[in-house]
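Residue numbers start from 1 in every chain, and the chains themselves are labelled A, B, ... in the order their sequence lines are given, proteins ahead of strands. These numbers come from the heavy atoms of this one structure, side chains and all, not from hydrogens, waters or symmetry mates.
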Amino acid sequence: MTQRRILVTAALPYANGDIHIGHLVEYIQTDIWVRFQKLRGQECRFFCADDTHGTAIMIRARQEGRSEEALIADVREKHIADFTGFHIEFDNYGSTNSEQNRKVCHEIWSALRDAGLVHEKEVTQLFDVQENTFLADRFVKGTCPKCKAPDQYGDNCDKCGSTYTPADLTDPISTLSNTTPEVRTANHLFVRIEDLHPFLEEWTQSGQHLQTEVANYLKGHFLGDPLRDWDISRPAPYFGFEIPDSPGNFWYVWFDAPIGYIASTLEWCEKTGADFDRWWRNPETEVHHFIGKDITYFHTLFWPAMLKTAGFNLPERVHIHGFLTVDGEKMSKSKGTFVKAATYLNHLDPACLRYYYASKLGPRLDDLDLNLEEFIQKVNSDLVGKVVNLASRSAKFVADTGLSDSYPDDGGLFEYAASRSETIAAAYEVCDFNGAMREVLALADRANKYWDDQKPWELKKDESRQAELQEICTIALNLFRQIIVYLTPVLPQLSEQTGELLNDPVTNWEQAQTPLTGTLVNKFQHLFKRIEEKQVQAMTDEAKAEAEATATEAAASEWNDTGDALTQEPMSAECTIDDFVKVDLRVARIVAANSVPEADKLLQLTLSLGGEERRNVFAGIKSAYNPEELVGRLVICCANLKPRKMRFGTSEGMVLASGPGGKDVFLLTPDEGAVPGQRVH
RNA sequence: GGGGCCGUAGCUCAAUCGGUUAGAGCAGCAAACUCAUAAUUUGUUGGUUGCAGGUUCGAGUCCUGCCGGCCCUACCA
């Protein structure tokens, strides 16, 4: 068989959040496929990177008061730790914010320009002045211009169903800053992808590169009409790469993100001295992308169009998978089913999830359900009960003797399992891991039955039949090892441990064809622990607690409260309740307010505490309030403050207000229902 | 609002191009066994294929409508 050269990518995780068990469906699936190819002896490399650009990252960095670079470096570290924890092994993990990516972006951009595909159009968008950014539709809320329903998003009304542009909204509000955005126009760059329509028609419909559902979807929804121009630029400010021949404009994140696949390869080539063109400009290299169904559009239309124009390898296959549900529902933070990779690893072995996903993944794009009860049952029953149990029940009988020197007659069991090799491999090849797991587990069933039929535990008692016992164990352990070879892409760690147990590491798929004989067998240690229900419970509990903590934080950050005020005027020393009750705070009504002409800052207020009780108070609020607007309103005053003689008269109390002074003075007002004279407790 | 995918046993999934009596695994039930991490082996229960129509000699599969779930939604379909 000639060696294939295969370049594999998984979608780039966005550097704006943690990896969770939903993401892992894709990374585990891809990693299994890559490990399978490598085990089969193919020249296979797996590239990924963090997707780091765009408005969301820019806004989050601002909110956290640090640079985008600091944010993405931080997230990158966490992402890599999560992937490592789940035994997901990349040949290179890059970043879209790298010099390599900038270089490849330039190259592809020049190609698009040279092909005459780029042109400029004016685009009108809302602009958030405070946040200094253009607003995507989802960042704008306002009142529907048709039905007047309040609180609708920028593109359509979910009350009356009418669609419009954000600029049509009555009273638009930026959800980023709660301020009113203004309408601004900017020049955007567009790619006329319609020029590649015939190519895309051919490429998507050839049956070679896409699942049929996907091909049909594209045919029915995009390819039947002229393809729309793709808006590929965003005006400053934007976190990304500035477009070289269009100063002030940046490439839209979806332009440079998939280019990250190529850039990550380039980075790897620079590190290892590999030949870049051999991987990306060579018809013998197969490029395989693994993605979720949500980003089909970008990977099956724009991406091939870009590659085609720039003369890179086209994807041999885009493998599209569905989404994860937990217990039949969308992952839910409040139910504790929104589980981060790191949270999972605090409680459970990554191999469990790898196996469970493998046992449920098929070649189609159906959603995958993580049923927590089934998860426990399946892992315990399949991996512990059937597979590992084979070693567990046989290894100790041959701890002293090792395996027989020649492979005994097993009635064709090993040969049969060896003959399943290509069927199992074919299932892996088309990502029918579910089918592959079924095949392998059927082999385990046969092996367990063989063991039961032979009843070796009876031989143990008969001194004269020890050779027979060794033979049965040799068979059982070889059938076990064969299964482990087949499971190596899914369970690399178990495979490694098995290699240690039998003193023969698993390095190649073909090892399933030849029995192992004459080696020593090490002392058996548990290769795998059963999942306890309480571990899963503890995991969901932690996920729930995490979600609650972040919800509280999010609620606070929604108001964009900074710590500035507190910093400028630090907290006073602690006081007792006794200290506090000495201060008699009362609700008061301002019944008269006059300017004090000779004073710069003071207004003279007459406060009523109800009945006949009056106070004359001089308040330093002249620069913030007009006397007329104060008359009649309720305020809070300190009523038992020792009267103080001032130049203009005696002040008999104090009106409560916050703010640094000058124009920034904010009087306290009690809520509706308060009446003058009430004490504030 | 528009659009896509899906709905088969208690659970998770099969079923070629429309073709015989809709199949597996897990769970459940019964038994055997005791080497093994309460593991294993044998037998077995379980179905009006979401609902209502239609096309056909024949429908899980094709068509229409409805119900439910998931997902997408770019100045668009």
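Atoms CG (A:Leu324) and C1' (B:C71) sit 13 Å apart, rounded to a whole Å. Atom CD in A:Glu533 sits roughly 14 Å away from atom P in B:A27 (whole-Å rounding). The CG atom of A:Asp369 sits 11 Å away from the C1' atom of B:C70 (whole-angstrom rounding). Distance, A:Asn448 CG to B:U42 P: 10 Å, rounded to whole Å. Here the P atom of nucleotide B:C33 and the NZ atom of A:Lys460 are 22 Å apart, to the nearest Å. Separating the CG atom of A:Leu527 from the P atom of B:A36 is a distance of 15 Å, rounded to the nearest angstrom. One interatomic measurement links the two molecules: CG of A:Leu368 to P of B:U12, which rounds to 11 Å at whole-angstrom precision. If you measure from atom NZ of A:Lys461 to atom P of B:C33, you get 12 Å, rounded to the nearest angstrom.
Look at the P atom in both B:A15 and B:C62: the space between them is 13 Å, to the nearest Å. B:C13 and B:G53 have their C1' atoms separated by 29 Å, with the value rounded to a whole Å. Atom name P, nucleotides B:G60 and B:G7: the rounded distance is 14 Å, in whole Å. Here the separation of B:C29 from B:G65, taken at their P atoms, is 46 Å to the nearest Å. When the P atom is compared between B:A38 and B:A27, the two are found 15 Å apart, to the nearest whole Å. One C1' atom belongs to B:U8, the other to B:A14, and the distance between them is 10 Å to the nearest Å. Separation of the C1' atoms belonging to B:U40 and B:U34 is 10 Å when rounded to the nearest angstrom. When the P atom is compared between B:C6 and B:G47, the two are found 26 Å apart, to the nearest whole Å.
Between A:Arg530 and the phosphate of B:A39, there is a side-chain N or O to OP1/OP2 separation shorter than 4.0 Å. In terms of phosphate contacts, A:Lys396 brings a side-chain nitrogen or oxygen within less than 4.0 Å of OP1 or OP2 of B:A36.
Using the six-membered ring where Trp is involved, A:His319 and A:Trp33 have ring planes that are tilted, between 30° and 60° apart. Using bins of under 30°, 30° to 60° and over 60° for the plane-to-plane angle, the ring pair A:Tyr238/A:Phe250 lands in the tilted bin. Below 30°, between 30° and 60°, or above 60°: for A:Trp254 and A:Phe298 the angle between ring planes is below 30°, a parallel geometry.
Counting any heavy atom pair closer than 4.0 Å across all strands shown, A:Asp452 reaches a base atom. Nucleic acid contact for A:Asp453: none, since no nucleic acid atom lies under 4.0 Å from a heavy atom of the residue. As judged by a 4.0 angstrom heavy-atom cut-off over every strand, A:Phe190 is placed among the base-contacting residues. Among the protein residues, A:Asn371 comes within range of the sugar-phosphate backbone only, with heavy atoms under 4.0 Å from sugar or phosphate atoms but none that close to a base. Note on A:Asn434: only backbone sugar-phosphate atoms sit closer than 4.0 angstrom, heavy atoms only; bases stay farther off. Here A:Phe397 lies in heavy-atom contact (under 4.0 Å) with sugar-phosphate atoms only. Within the 4.0 angstrom heavy-atom criterion, no nucleotide atom of any strand lies near A:Lys455.
Look at B:C13: its Watson-Crick or wobble partner, with both distances under 3.5 angstrom, is B:G23. A 3.5 Å limit on both hydrogen-bonding distances identifies no Watson-Crick or G-U partner for B:U8. In this structure B:G58 sits in no base pair that meets the Watson-Crick or G-U test at under 3.5 Å. With a cut-off of 3.5 Å on both pairing distances, the Watson-Crick or G-U wobble partner of B:G65 is B:C51.
For B:C35, the base has a donor-acceptor partner in the side chain of A:Trp451 [N/O atoms by modelled type, under 3.5 angstrom].
The side chain of A:Phe323 approaches B:C71 more closely than any other nucleotide in the set B:C71, B:C75, B:C13. Closest to the A:Arg438 side chain, of the nucleotides B:C13, B:U37, B:U40, is B:C13. Taking the side chain of A:Asp231 as heavy atoms from C-beta on, and the options B:A24, B:C75, B:A36, the nearest nucleotide is B:C75. Side-chain atoms of A:Val384 lie closest to B:U37 of the nucleotides B:C75, B:C26, B:U37. Side-chain proximity of A:Asn389 to the nucleotides B:A36, B:C75, B:U42 is greatest for B:A36.
Judged by closest nucleotide on RNA chain B, A:Gln377 is the one of A:Asp445 and A:Gln377 placed further toward the 5' end. Taking for each of A:Ala444 and A:Lys121 the nucleotide of RNA chain B with the nearest heavy atom, the 5'-most of the two is the partner of A:Ala444.
Taking the side chain as every heavy atom from C-beta outward, A:Cys473 and A:Trp451 approach each other to under 4.5 Å.
Heavy atoms from other residues, nucleotides or ligands lying under 6.0 Å from CD of A:Glu373 number 12 at most. Heavy-atom contacts from other residues, nucleotides or ligands closer than 6.0 Å to CD of A:Glu122 number more than 12.
A:Asn448 contributes a side-chain N or O that, together with a main-chain N or O of A:Lys386, makes up a donor-acceptor pair within less than 3.5 Å.
Between A:Asp382 and A:Tyr355, the side chains place a donor N or O and an acceptor N or O closer than 3.5 Å (distance only, hydrogens not considered).
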